[in-house]
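Worksheet: one structure, shown below.
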Amino acid sequence: MPELPEVETVRIFLKKNVIQKKILSIKIEDSNLRFQISNEIPIKLRNSMITKILRRGKYLIFLYSNDYALLFHLGMTGYFRLTDSYKKKKHDHIVFIFSEEKLIFNDIRKFGFVKIYKKQRIFTSKHIKNLGPEPLSKAFDFEYFHKNLNRKTNIKNLLMNQNFVSGLGNIYCSEILFDSQVKPTRSVKSLKDKELKRIIGSAKKILKNSIKLGGTTIKNFIVSYEEIGYFKNNLMVYGREGCNCMRCKKSILVKKINQSGRSTFFCTECQL
DNA sequence: AGGGCTACCTGTACGC
DNA sequence: TGCGTACAGGTAGCCC
């Protein structure tokens, strides 16, 4: 599920609901994730509180009132739920117990993880240190894009590369290239200036809009890909193989191809 | 160094 | 109904 807008939606939800609340205890229900959950976490964070929640690409960073920070990645199926009466569910991994509620991290496929760091070390961790600029930041602009055109890959794979730009995943890359009318297989060095500008503009527009939609759809205390309808309802091309293109309206123009093992969708007529 | 491929894991949908 | 297979929005780590 979670690409930048989804992770940002989770961040906003958690910021509203668990900041400055004292953690009485932490229980590891199942330490088996992409990386084993450290049993230092309950010890180091007991009686502290989250003071800040940041997002970098698809990662969430929780800063605590002591020296520590947690780095979360949701993988494909990770989600949080906040509840006042904890009933254990399949694939629950870690439970943060506040005085009146509990925050649970659940991850079916175990591609997600949580790691503990000393605060000052988190941005130099191997996960964070090489990430490319945030796509919504000023750093992701024409000049930056242009500097990276010497790469030997296609535009879909470039946008998917977290070290080029952080936070875009398989769905948003298809959507961005559809919006900017660029064919996903185009080699990076073949791109014209005006196409680069369109891609940057489309990326920022689509991400902003999706974050806005995410914010309007939080209606309960579960933040998961099933519960948040947000962008799913607004897809223009992803998952629409064999359907009419929503721009040029011609029938059966949306095609699904495989790029580096992932599905890409595009219109054969209006993406050049 | 950079890019491509595979492994990791569980659930679901679909064809037979 | 059951079984086998393909596929799913993630990254790390290996290989070239």
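Per chain, numbering begins at 1; letters A, B, ... match sequence-line order. Being a predicted model, the structure only gives us computed values, none of them experimental. The figures here come from the full heavy-atom set of this structure, side chains too, leaving out hydrogens, waters and symmetry mates.
- Nearest to the side-chain atoms of A:Met76 among the listed nucleotides B:dG3, C:dA12, C:dA8 stands C:dA8.
- If you look at A:Phe80 and A:Phe72, their ring centroids are closer than 6.0 Å.
- For A:Glu143, the CD atom counts as loosely surrounded, since its 6.0 Å shell holds 12 or fewer non-hydrogen atoms of other residues, nucleotides or ligands.
- If you check every strand for non-hydrogen atoms under 4.0 Å, A:Asn157 touches sugar and phosphate atoms only.
- When each of A:Arg34 and A:His91 is assigned the nucleotide of DNA chain B with its nearest heavy atom, A:Arg34 is the one assigned upstream, toward the 5' end.
- With the nearest nucleotide of DNA chain C identified for both A:Phe35 and A:Phe265, A:Phe265 has the one nearer the 5' end.
- The P atoms of B:dG11 and C:dA12 are separated by 24 Å, rounded to the nearest whole Å.
- Considering only the side chain of A:Arg109, B:dT10 comes nearest among B:dT10, C:dG10, B:dG4.
- No more than 12 heavy-atom neighbours from other residues, nucleotides or ligands sit within 6.0 angstrom of NZ on A:Lys27.
- If you check every strand for non-hydrogen atoms under 4.0 Å, A:Phe164 touches nothing.
- Within the nucleic acid shown, A:Gly169 comes within 4.0 Å of sugar-phosphate atoms alone, with no base atom in reach, counting heavy atoms only.
- Nucleotides of DNA chain C nearest to A:Lys126 and A:Phe111 differ in position, and the one nearer the 5' end is that of A:Phe111.
- Here the nucleotide nearest the side chain of A:Ile108, chosen from B:dG3, C:dG10, B:dT10, is B:dT10.
- B:dC5 sits 16 Å from C:dC7 when the P atoms are compared, rounded to a whole Å.
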